[in-house]
Structure formats: C-alpha cells, structure tokens
2 protein chains.
Amino acid sequence: MARAGLNTERLTLAGAELADEVGFDQVTVSALARRFDVKAASLYSHVRSSRDLRTRIALLALEELADRGSAALAGRAGKDALAALANVYRDYARECPGRYAAAQLRLDPESAAASAGGRHAEMTRAILRGYHLTEPDQTHAVRLLGSFFHGYVSLEMGGGFSHSAPDTEETWVRMLDALDALLRNWPAP
Amino acid sequence: MARAGLNTERLTLAGAELADEVGFDQVTVSALARRFDVKAASLYSHVRSSRDLRTRIALLALEELADRGSAALAGRAGKDALAALANVYRDYARECPGRYAAAQLRLDPESAAASAGGRHAEMTRAILRGYHLTEPDQTHAVRLLGSFFHGYVSLEMGGGFSHSAPDTEETWVRMLDALDALLRNWPAP
DNA sequence: TCTGTTTGCCTAAAGCTATTAGGCAAATTA
DNA sequence: TAATTTGCCTAATAGCTTTAGGCAAACAGA
C-alpha cells in the first residue's frame, strides 16, 4: 500500500487550511485524516494529540501574522505604521478566519514562550517609537492597541457590526484617526 | 424512581455554573446530566441540542451583563459612566469566566435578535451622551469602545498581560483616562 | 542486490459525547 | 380513582480520541 507521505508540517498546514474552510473548532484529527485519505490513528505518529495539533496551527498562525506585520512595518513610522499593522491583523482575519481564530487559542506557558507572541508585542512597541511615549505609558499604550486590534477584529468577524450603518470601512478609518490622535496627545497621569 | 425536577431554566443556570467552574467549552450535555445525577438522554426533553444549551447560556450571560450594566450606569455620566461600564465587563469576566466566554458565542441571527445584545450597544451610546458626539462619530465611538472593552477583557483573561510589568490594574486606570481624553477630543474627519 | 532496521500506516478496541426512539412510572387532571 | 400527561430511563447508533500491536514499505549497509 502506497504511503501518504504525512509529517507534522504537512498536517499542521493542512489543518490550517481546514480551519479556514470549516472553522477552527471543526478542526479534528478525524477530519484531517479524511482529507489525507488515511485513518485517524495514523496521525498520532506525527501529532501527539488533538490539542497538540491545534496548538501547532495556532503557532503557525502567530508566526504568519508576525511575518506579515514585520513586512508591513518596514520603512513606515507614525500613523502610517499604525494603520499598516492594524490592517495586517484585519486582513489576515478576513483572508484566513480559521487561522486567525487559531491564533487566539490560549496556549500553555511553554508554547506561549516559544510562540511569535513576543514579536507581536515588539511590533506594537515599534509603532509607538513614533509617538515618543515613555514607560510606563508605553506599556499601557501597547496594551491598549493590542486590546483594540484584537477586539475590533473579533467583533467584526463575529458579525457584531454587520447590520448597522455606517459601514465598517468608514468606522475603521476613523478609529485609526482617533487612535493616532490619542497617541499624539496621550494624557498625563 | 424520584424525579430530578429538571427544566430548561435550571439546566441553563446549572450550565452557566458549570461553565464558570470548568470552562464554557467543557459544558457538555453529558457533564450537565452527571451534575444532576441523570442520564444524558434525559436532558433532551428540556433542551433541543448541545448547541441549544450553549446558546441559552450565552443569552443568560448577555442578559446578566446587561442588567449589571444598567445598574452601574444609573445616575452616572461622563468618565464616571465610562469607567463604571468598563468595570462591569471586566468584573463579570473575572467573577464568571465561563459565562463571559459564553457571551462571546457567535449566535445565529434569530437568537442574536432576541438577545440583550441591543441593550449593550444602547448602554455604550448612553455613555457617549456625556461626550456630545454626533453621528456618525457616535457610532464609530460605540464600536471603538466595544472593541476595546471586549479586546481588553479577552486578553487579560487569556493571560496576555500576565507576565509583564506594570500591573494590569494601573494599565486599566490609565486606559480609561486615555479613552476619556479621546472622547473629549474626538478628532474631526 | 540482499538483509536488517526503521518507519508509516493499518486494524482493533475502549471510552467519551451527541442524539433518537420507545417504554414505564410518577405527577397531574378529571 | 381513572385517565392522561410528563419525565426520566434503557437501548442503540454514530462520530471523535486515543492506545496497542501488526505488517509492509522505505532505507541503510555490506
């Protein structure tokens, strides 16, 4: 019987594709096995568990997202950089909803430490260099931007803004204007 | 054999408690049946499906959250109101993490329409009355605040801020200062 | 090329969850 | 008290997860 040529990388990638097609919570060892025309038990040579598979997809997504972020930030500063990074998150969530959902998976401490999570915080900090904030305000601002990016994208993806006018595109632009203004005029304690 | 006295309300409430104890994604028909010392099949007289159960818990959480919000906003305006509502979300997530997670469940359109979701948007709008924003900026600001509240609470609950200094309490206060400042000086288009 | 080893996928099996169908006894109503 | 409704049960099917052990394909060395 010919072999399917499975390995951890391919499974992770296929799992990410599956997530984008059917949703991250529908990513299952069985479904992935079906996609390779292989029995579910066979995947356990390459992946420790269902949880392990999902964690790997999450790490992949975080990495991809960080790569896109780095590329977008190169050569930009100030509001330009802010908008660029914000758009990376938003576009990624739209293009790859399953992967984006995966990136929100709560990781165990070891995985989190090995993840691209640090790069994300670092990118946000890089943006703030254009706004001349000093510690601890810089950290507060990093957290505020992180909260906002994550929250906005989650709500938009979840359809939270879908019915109401005005459209989300206009809101998005005006929000970035507002955040830029806030960072330029960050209030003293 | 004595009856357990199940009904949809009790199951929903017990499901919410279970969610707070073991996590919303661990809320299962079987686990709930176990908690009532009853067979899983018995729950299907009161609940249409596992999905139905989860939806009911989500609706309960949205309702409780809206009730707390209304109570907190009564008699407050401006920054006072802003902080009060923000704290409602944050405290609820801390006290009832499972319910809070449930409130993030993506609802089908009918359930969403019947949910307290509208009350939440209305509360945020009420806060903005103290900041004299006109449409469409008011809507943009509603969405920004919604994104921020949701994003911050999600990240804090997920441990996103856990390792780094300064502590989240200080960040929280300074973020609310910043949002208040932003709303008072909302930038023109 | 043959041989031995590793590796990869398979079958088998047990355990858990979801869900449906049909039954009997408890609670309610007349 | 009799009739009816209702509530929980047993039984059964189906899917996902995971472990154990087997056989054949791929590979390494002589």
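Naming convention: chains lettered A, B, ... in sequence-line order (proteins, then strands); numbering from 1 in each chain.
- Rounded to a whole Å, the CG atom of Leu32(B) is 15 Å from the C1' atom of dT19(C).
- Shown here is Arg48(B), whose CZ atom has no more than 12 heavy atoms of other residues, nucleotides or ligands within 6.0 Å.
- Atom C1' of nucleotide dC9(D) and atom CZ of Phe36(B) are separated by 17 Å, given to the nearest angstrom.
- Between the C1' atom of dA14(D) and the OH atom of Tyr44(B) lies a distance of 12 Å, rounded to the nearest Å.
- Rounded to whole Å, the distance from CG on Leu43(A) to C1' on dT19(D) is 14 Å.
- Within the 6.0 Å centre-distance limit, the rings of Tyr89(A) and Phe149(A) are counted as a close aromatic pair.
- Within the structure, a side-chain polar atom (N or O) of Ser30(A) is placed less than 4.0 Å from OP1 or OP2 of dT17(D).
- Considering only side-chain atoms of Val38(B), the nucleotide from dC9(D), dT19(C), dC9(C) that sits closest is dC9(D).
- Nucleotide dT17(C) holds its P atom 18 Å from the CD atom of Gln26(A), rounded to whole Å.
- Although no hydrogens or angles enter the test, the distance criterion places no donor-acceptor pair under 3.5 Å between the side chain of Ser111(B) and the main chain of Leu107(B).
- Projected onto DNA chain D by closest heavy-atom contact, Ala41(A) and Asp37(B) fall at different nucleotides, the more 5' of which corresponds to Asp37(B).
- Closest to the Ser45(A) side chain, of the nucleotides dC8(D), dA18(C), dC9(C), is dC9(C).
- Distances shown here put every side-chain N or O of Ser49(A) at or beyond 4.0 Å from the OP1 or OP2 atom of dT17(D).
- Taking 4.0 angstrom as the limit, His46(B) places a side-chain polar atom (N or O) nearer than this to OP1 or OP2 of dC8(D).
- Atom NZ in Lys39(A) sits roughly 16 Å away from atom C1' in dC23(D) (whole-Å rounding).
- At dT17(C), one or more side-chain N or O atoms of Arg34(B) fall inside 4.0 Å of OP1 or OP2 (strictly under the cut-off).
- Between Thr28(B) and dA18(C) there is a side-chain N or O to OP1 or OP2 distance below 4.0 Å.
- Counting only distance, with no hydrogens or angles, the side chain of Thr124(A) and the backbone of His120(A) share a donor-acceptor pair below 3.5 Å.
- Looking at Arg106(B), its side chain does come within 3.5 Å of a backbone N or O of Met157(A) through a donor-acceptor pair.
- Rounded to a whole Å, the CG atom of Leu6(B) is 8 Å from the P atom of dC9(D).
- If you measure from atom CG of Asp52(A) to atom C1' of dT19(D), you get 16 Å, rounded to the nearest angstrom.
- A sub-4.0 Å separation between OP1 or OP2 of dT17(D) and a side-chain N or O of Ser50(A) is present.
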